[in-house]
Amino acid sequence: MVRVTRDDVARAAGTSTAVVSYVINDGPRPVAAATRARVLAAVEELGYRPNRVAQAMARRRTNLIGMVVPDARQPFFAGLAHMVEQAAAERGRLLLIGNSDYADEREAHYIRAFLGMQVDGLILVTQDPSVPGVAGTDAGDGTPVVLLHHRAETESGVAVVADDEGGAQEVVRHLLEHGHAAVHCFGGTFALSANDPVTARTAGWAAALAEAGLPTEGRLVPAPFDRVRAHAEALALLARADRPTAVFCTTDDQAIGLLRAADDLGIRVPEDLAVAGFDDIAEAVIAGPPLTTVATAQDEMARAAVDLVLKAREDEEPAPAGARTFPARMVVRRSCGCPPGGDRA
């Protein structure tokens with residue numbers, strides 16, 4: 001199939017290629033209505049498709065935003081990416097998504113690739129903002145970079161985050177109000193960055209226990225973030241002779257793995273075991289039983305991240321440094337021990 005060119009359109013419309021360019025790009029010079037109509041008719045008749053990549057390179061604007069997430073198969077990251085995509089589309093941008101699979105090298109690969117494609121900005125859901133690929137973006141070509149869900153490692157970093165610590169502290173207090181002598185924390189690995197959201201959620205759990213005069217020693221259990229591997233760890237935890245009566249999970253995926261493990265072992269939730277999570281993914285509502293959790297303002301956070309990237313691009317100066325923190329709120333359902341019908345947010 002022969003590719004239709006701008007020259008072909010100009011010949012069919014009886015005008016110059018420059019005028020064709022003005023019509024297609026809506027400027028920079030005005031074109032008479034009759035001439036514009038002839039050009040558009042020729043475009044339609046010939047099936048001409050402009051080379052948007054070439055146009056973007058010429059304007060030094062690609063209308064692309066790059067986003068890196070740890071694992072888009074996980075419902076939380078899938079939902080967050082979808083919201084960023086919607087926010088970008090509303091601003092006339094396309095979103096490119098790369099999965100780091102929690103690997104620093106893969107994360108750096110996507111960052112380099114997106115920068116090479118001259119994206120208008122980067123939104124990073126990184127597992128560690130100190131890795132070379134992330135840190136190196138500060139000294140790059142001026143492409144705006146915003147961290148989402150994870151706090152920045154340096155004072156110059158720009159981040160959009162939730163009140164992870166406050167949300168965790170609230171839901172653990174709620175578990176304690178049900179009369180439990182202790183609440184275990186089903187958290188991430190002990191090697192997490194100090195700025196990781198799970199680190200903040202663990203701190204909120206510890207603060208709630210300290211507030212109640214309860215120790216944390218021996219009650220923090222490292223667990224994988226995906227529900228399948230979390231299920232295996234939960235089986236070991238719940239099979240112990242001194243198994244807990246209440247567990248706060250730092251993500252809903254971990255909590256769903258824990259709920260399945262309880263069911264496998266014949267442990268009733270919430271009668272024998274109270275469970276709470278964090279993130280309020282869609283499946284929390286249909287978990288068995290419905291999961292008490294903490295919801296974050298994901299939609300608002302996604303829009304804020306896109307706005308920060310595009311404003312920095314349009315202003316041609318870095319976005320103001322620091323973290324924009326959005327509130328987190330407890331969503332009470334049955335898994336904590338509250339009666340059916342008592343669900344509240």
Side-chain angles (χ1 to χ4, degrees), residues 163-190 192 196-225 227 229-280 284 287-295 328-345:
D163 180 10
D164 294 289
E165 183 171 346
Q169 188 169 0
E170 181 183 12
V171 77
V172 174
R173 280 179 186 147
H174 182 75
L175 289 175
L176 290 170
E177 286 169 1
H178 278 279
H180 296 282
V183 176
H184 281 58
C185 179
F186 206 49
T189 67
F190 294 123
L192 291 174
D196 191 284
V198 168
T199 302
R201 295 171 189 181
T202 303
W205 160 78
L209 262 60
E211 187 179 69
L214 298 172
T216 60
E217 288 78 15
R219 291 171 178 164
L220 175 58
V221 181
F225 293 121
R227 65 187 65 179
R229 292 188 300 150
H231 168 260
E233 293 295 330
L235 285 172
L237 172 66
L238 298 181
R240 286 167 28 179
D242 60 342
R243 68 170 175 81
T245 62
V247 179
F248 163 63
C249 301
T250 55
T251 73
D252 284 351
D253 263 329
Q254 292 170 319
I256 289 172
L258 182 76
L259 289 174
R260 176 56 189 269
D263 184 64
D264 289 346
L265 296 172
I267 298 170
R268 300 172 303 164
V269 177
E271 293 85 355
D272 304 322
L273 173 69
V275 179
F278 203 115
D279 288 330
D280 196 29
L291 181 64
T292 291
T293 185
V294 178
R329 60 184 177 82
M330 180 172 62
V331 181
V332 175
R333 299 191 180 101
R334 288 171 48 205
S335 70
C336 63
C338 286
D343 299 6
R344 63 182 174 88

Report summary line: Closest non-hydrogen contact found for Ala284 with Arg333 is CB-NH1, 3.6 Å
Side-chain donor-acceptor contacts of residues 268-276 below 3.5 Å, not counting sequence neighbours, with atom names and distances?
| residue | atom | partner | partner atom | Å |
| --- | --- | --- | --- | --- |
| Arg268 | NE | Asp272 | OD2 | 3.0 |
| Arg268 | NH2 | Asp272 | OD1 | 2.9 |
| Asp272 | OD2 | Arg268 | N | 2.9 |

Query raised in the report: Sequence neighbours excluded, which residues qualify as side-chain contact (heavy atoms from CB on, under 4.5 Å) partners of Ala212?
Result: Leu176, Leu214
Requested in this report: Return the set of residues passing side chain to side chain donor-acceptor pair (under 3.5 Å) with Thr250 (not counting sequence neighbours), or none when no residue passes.
Outcome: Gln254
Query - With Thr202 via side chain to side chain donor-acceptor pair (under 3.5 Å) - residues at least two apart - result: none
Query raised in the report: Does the side chain of Phe248 reach to within under 4.5 Å of the side chain of Val171, using non-hydrogen atoms?
Result: yes
Requested in this report: Identify, with sequence neighbours excluded, every residue that meets side-chain contact (heavy atoms from CB on, under 4.5 Å) alongside Ala206.
Outcome: Thr216
Query raised in the report: With sequence neighbours left out, what residues match Thr293 under side chain to side chain donor-acceptor pair (under 3.5 Å)?
Result: Asp252
Side-chain polar contacts of residues 233-245 - donor-acceptor pairs under 3.5 angstrom, sequence neighbours left out - could you list them?
| residue | atom | partner | partner atom | Å |
| --- | --- | --- | --- | --- |
| Arg240 | NE | Asp242 | OD1 | 3.2 |
| Thr245 | OG1 | His180 | ND1 | 2.9 |

Requested in this report: Search all heavy atoms of Leu209 against all heavy atoms of Val183 and return the closest pair with its distance.
Outcome: CD2-O, 3.8 Å
Report task. Check Pro289 against Ser335 and note the closest heavy-atom contact, atom names and distance. Result -> CG-CA, 3.9 Å
Donor-acceptor list for residues 256-264 side chains, cut-off 3.5 Å, not counting sequence neighbours:
| residue | atom | partner | partner atom | Å |
| --- | --- | --- | --- | --- |
| Arg260 | NE | Asp264 | OD1 | 3.0 |
| Asp264 | OD2 | His231 | NE2 | 2.7 |

Report task. Could you tell me whether a side-chain N or O of Arg219 sits under 3.5 Å from a main-chain N or O of His184, the two making a donor and an acceptor? Result -> no
**Report entry** For Phe186 against Ala230, the heavy-atom pair lying closest together
**Finding:** CZ-O, 3.5 Å
Report task. Could I get the full list of side-chain contact (heavy atoms from CB on, under 4.5 Å) partners for Glu211, not counting sequence neighbours? Result -> Gln169, Arg173
Report summary line: For Val332 and Cys336 the tightest heavy-atom approach is CG1-SG, 4.0 Å
Query raised in the report: Can you name the closest pair of heavy atoms from Ala168 and Phe278 and give their distance?
Result: N-CE1, 3.5 Å
Query raised in the report: Which pairs, with at least one residue in residues 197-208 and sequence neighbours excluded, count as a salt bridge (Lys or Arg N to Asp or Glu O under 4.0 Å)?
Result: Asp164-Arg201, Arg201-Asp279
